[in-house]
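For this chain, numbers begin at 1 and follow the sequence in order.
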Amino acid sequence: LDFYPIVWYTYNMKITEKQINDFVEANDMMPLGGDMFEDAGGHVWHESNIMDEIKEQNSKALNHLFGDVAGALNSLTVTK
């Protein structure tokens, strides 16, 4: 159950231009023109690839947070 809300959130999350620009700067990418960027290794990234990567990073952070909470709740035992 805890997996589906996370998938829904990351799928429907809006990525801003600031997030894209921050990602480009943090990864030493160079703009090639339009919505294309080149990373330090020479790989060309489309803006949609960067958006997918940002969503993936946010998803991993949320999975870790909610996974820890869900794991703690699952390990609780109720005794009478």
Side-chain angles (χ1 to χ4, degrees):
L1 179 64
D2 60 332
F3 175 72
Y4 295 108
I6 294 167
V7 171
W8 180 87
Y9 173 77
T10 55
Y11 178 77
N12 293 303
M13 175 175 56
K14 302 292 183 210
I15 303 298
T16 65
E17 286 296 317
K18 181 181 181 334
Q19 287 174 296
I20 293 171
N21 291 335
D22 290 346
F23 183 90
V24 167
E25 287 181 26
N27 292 286
D28 297 322
M29 295 180 154
M30 299 288 295
L32 294 177
D35 51 4
M36 303 296 284
F37 300 88
E38 183 177 1
D39 66 16
H43 300 99
V44 176
W45 290 59
H46 186 265
E47 190 173 88
S48 64
N49 300 117
I50 294 171
M51 293 170 73
D52 291 343
E53 187 64 28
I54 293 169
K55 287 179 183 179
E56 181 68 24
Q57 289 175 357
N58 290 341
S59 171
K60 286 180 182 178
L62 287 174
N63 275 334
H64 176 69
L65 173 66
F66 290 119
D68 289 349
V69 171
L73 291 175
N74 286 339
S75 66
L76 291 175
T77 56
V78 178
T79 57
K80 294 182 180 183

| said: Using the side chain to side chain donor-acceptor pair (under 3.5 Å) criterion, which residues pair with N21? Sequence neighbours excluded. | reply: none

Distance, nearest 0.5 Å, that separates [atom1] of [X] from [atom2] of [Y]:
X: E56; Y: M51; atom1: CD; atom2: CE; value: 14.5 Å
X: E17; Y: D22; atom1: CD; atom2: CG; value: 11.0 Å
X: N49; Y: H43; atom1: CG; atom2: NE2; value: 12.0 Å
X: I15; Y: K55; atom1: CD1; atom2: NZ; value: 6.0 Å

Report all side-chain donor-acceptor pairs from residues 25-37 shorter than 3.5 Å, counting only partners two or more places apart or in another chain.
residue	atom	partner	partner atom	Å
N27	ND2	F23	O	2.8
D35	OD1	H46	NE2	3.4
D35	OD2	H46	NE2	2.9

| remark: Sorted by chain and number, sequence neighbours left out, salt bridge (Lys or Arg N to Asp or Glu O under 4.0 Å) with D39 holds for none

